[in-house]
2 protein chains.
Amino acid sequence: MARTTGSHSEITGPRVREAALRLFARHGYAAVSMRQIATEVGVQAGALYNYTPDKQSLLFSLMRGHMDELLAARKALGEEGSPTDRLERFTRFHISFHSERPEAVFISYMELRSLEPENFQIIESLRRDYENALEGILRDGMDSGAFTVADPKIATLAVIAMLTGVNTWYRSAGRLTLEEVEQIYWDMVRRCVS
Amino acid sequence: MARTTGSHSEITGPRVREAALRLFARHGYAAVSMRQIATEVGVQAGALYNYTPDKQSLLFSLMRGHMDELLAARKALGEEGSPTDRLERFTRFHISFHSERPEAVFISYMELRSLEPENFQIIESLRRDYENALEGILRDGMDSGAFTVADPKIATLAVIAMLTGVNTWYRSAGRLTLEEVEQIYWDMVRRCVS
DNA sequence: GTGATAACTGAACAATCGTTCAGATCATAG
DNA sequence: CTATGATCTGAACGATTGTTCAGTTATCAC
């Protein structure tokens with residue numbers, strides 16, 4: 001096994017993914033060519049195929065990686081505390097996690113239609129897992145009397161839509177700190193389900 | 001002037017726009033070719049250029065038309081009543097208007113990045129007009145003591161994101177009627193800002 | 001009927017697409 | 001040093017892209 005240390009693949013591989021992430025988020029999957037990605041990395045288009053079997057796999061891998069990270073981080077939040085505590089943790093987590101990776105979030109929401117059917121099913125299923133975590137919190141809160149929600153499924157989608165919307169305008173150099181944004185949204189979410 | 005009545009252009013023109021709307025919404029602007037649109041219409045690709053100077057203009061025209069319709073319909077809601085009444089009207093209007101034209105809504109949100117800079121500015125400005133209408137209602141409600149909102153600009157974006165999210169799941173043949181959906185969301189919006 | 005013209009076809013244009021691959025390059029193992 | 005194999009280049013592939021346009025077709029006014 002030659003070139004184990006100092007191998008370019010350990011540098012080029014991540015760079016391909018970063019370039020693809022940035023370009024897909026900015027221009028859309030279909031509008032970005034493999035040659036554009038290669039130029040961004042500083043390599044010829046053919047070299048990309050050392051790191052992905054094809055363009056579709058590159059998109060899917062980025063989305064799959066993002067969803068796996070999201071679900072793992074959500075799981076690490078734990079299940080302790082009252083439904084209200086858990087909802088607050090979820091709210092703050094969603095905002096901060098998503099604000100840290102706007103490009104991956106953008107792709108994972110906008111490029112679902114660019115996925116081939118079997119890939120789409122996988123990502124869609126992971127998204128449902130995430131939604132179900134929030135729905136569980138809301139149902140527990142309904143059972144304990146902490147929340148008053150007409151329809152927990154709809155409330156779940158409404159809250160997630162509201163929170164994800166932060167990514168369309170939040171900039172870390174902006175008027176509000178992330179902590180302030182979290183507080184404002186937590187106030188709104190709490191009232192929304194109470 | 002020959003062929004005024006029975007002219008095909010009065011039929012083909014709208015059909016081009018309908019086909020483009022449907023295909024852009026389903027596959028994305030960049031992923032749809034002029035030949036696909038032409039096939040949908042039942043015509044050769046060259047014939048499309050009797051109805052649009054180019055592909056970009058077709059997208060922009062669809063988005064511009066949607067935003068103009070949206071703003072005109074919003075204006076027709078009037079400014080009468082208390083801030084709470086106006087917020088309820090806005091909420092129900094947003095849900096029903098958007099639910100009636102999911103493809104135009106989808107395109108107008110997702111294909112902003114496919115617009116050339118000057119076209120983007122125009123659509124973006126129209127969207128801000130719409131947001132400002134809601135923000136005005138929230139500010140009036142803050143002044144009158146009807147609403148308690150930490151940041152009216154953020155509350156505006158949060159409410160719109162929440163309401164627009166309906167389009168990702170609502171189907172007219174689904175579990176809930178549009179009236180029920182409106183009621184559920186109005187309950188959440190009201191509590192959100194109270 | 002005839003003439004006018006809107007509407008459309010079908011072929012062509014250069015450019016670009018995703019992908020493949022033989023061969024060049026180069027750092028490392030031995 | 002040489003041999004090895006990962007890494008990358010550069011050219012090529014057939015297909016497809018948006019767009020143009022000379023020529024055909026169809027429907028109107030007269």
Side-chain angles (χ1 to χ4, degrees), chain A residues 1-24 26-63 107 111 113-117 119, chain B residues 1-24 26-63 107 111 113-117 119:
Chain A
M1 182 175 64
R3 296 182 68 176
T4 49
T5 64
S7 169
H8 285 186
S9 75
E10 292 168 12
I11 299 173
T12 307
R15 297 230 307 151
V16 168
R17 294 173 63 86
E18 286 158 20
L21 186 71
R22 182 168 49 251
L23 289 170
F24 287 166
R26 182 132 45 193
H27 306 293
Y29 172 76
V32 173
S33 70
M34 295 298 272
R35 284 174 180 81
Q36 284 176 59
I37 299 172
T39 299
E40 196 89 346
V41 175
V43 101
Q44 292 296 319
L48 298 182
Y49 291 84
N50 289 320
Y51 305 98
T52 181
D54 48 42
K55 191 186 176 189
Q56 167 77 197
S57 300
L58 183 53
L59 173 65
F60 175 69
S61 170
L62 290 171
M63 292 175 71
I107 286 179
E111 298 296 351
R113 62 185 173 188
S114 301
L115 290 174
E116 289 162 4
N119 290 339
Chain B
M1 181 175 66
R3 295 183 68 178
T4 50
T5 64
S7 168
H8 284 187
S9 76
E10 293 168 10
I11 299 173
T12 308
R15 297 229 308 150
V16 168
R17 295 174 62 85
E18 286 158 20
L21 186 70
R22 182 169 48 251
L23 289 170
F24 287 166
R26 182 132 46 192
H27 306 293
Y29 172 77
V32 172
S33 70
M34 294 299 271
R35 284 173 181 80
Q36 284 176 60
I37 298 172
T39 299
E40 196 89 347
V41 176
V43 102
Q44 292 296 318
L48 298 182
Y49 291 84
N50 289 319
Y51 304 98
T52 181
D54 50 42
K55 191 186 176 190
Q56 168 76 198
S57 300
L58 184 53
L59 173 65
F60 175 69
S61 170
L62 290 170
M63 293 175 71
I107 286 179
E111 298 297 350
R113 63 185 173 190
S114 302
L115 290 175
E116 290 163 3
N119 289 339

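Letters go in sequence order (proteins before strands), and every chain restarts at 1.
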If we ignore hydrogens and angles and just use 3.5 Å, is the side chain of B:Arg113 paired with the main-chain N or O of A:Arg26 as donor and acceptor? no
Ordered by number, residues from residues 27-43 of chain A within less than 4.0 Å of DNA chain D (heavy atoms) are A:Arg35, A:Val43
Does C:dA7 have OP1 or OP2 under 4.0 Å away from a side-chain N or O of B:Thr12? no
Do any N or O atoms from the side chain of B:Thr52 and from the backbone of B:Lys55 form a donor-acceptor pair under 3.5 angstrom? no
Quick one: list whatever passes side chain to side chain donor-acceptor pair (under 3.5 Å) with A:Thr39, sequence neighbours left out. none
So if I take every side-chain heavy atom of A:Gln44 and compare against D:dT9, C:dC8, D:dC8, which nucleotide ends up nearest? D:dT9
Within less than 4.0 Å of OP1 or OP2 of D:dC8, is there a side-chain N or O belonging to A:Tyr49? no
For C:dA7, does OP1 or OP2 lie under 4.0 Å from any side-chain N or O of B:Tyr51? no
Strictly distance-based, threshold 3.5 Å: is any side-chain N or O of B:Tyr29 a donor or acceptor partner for the main-chain N or O of A:Ala31? no
Could you state the CG-C1' distance from A:Asn50 to C:dT19, rounded to the nearest angstrom? 13 Å
Output the rounded distance in Å from CG (B:Leu48) to P (D:dC21). 17 Å
For A:Ala47 and A:Lys55, take the nucleotide of DNA chain C holding the closest heavy atom to each; which residue's nucleotide lies nearer the 5' end? A:Lys55
Backbone N/O of B:Ser57 and side chain of B:Glu116: donor-acceptor pair under 3.5 Å: no
Under the side chain to side chain donor-acceptor pair (under 3.5 Å) test, residues paired with B:Glu40 that sit two or more places apart: B:Arg22
Taken to the nearest whole Å, CD1/A:Ile11 to P/D:dT7 is 11 Å
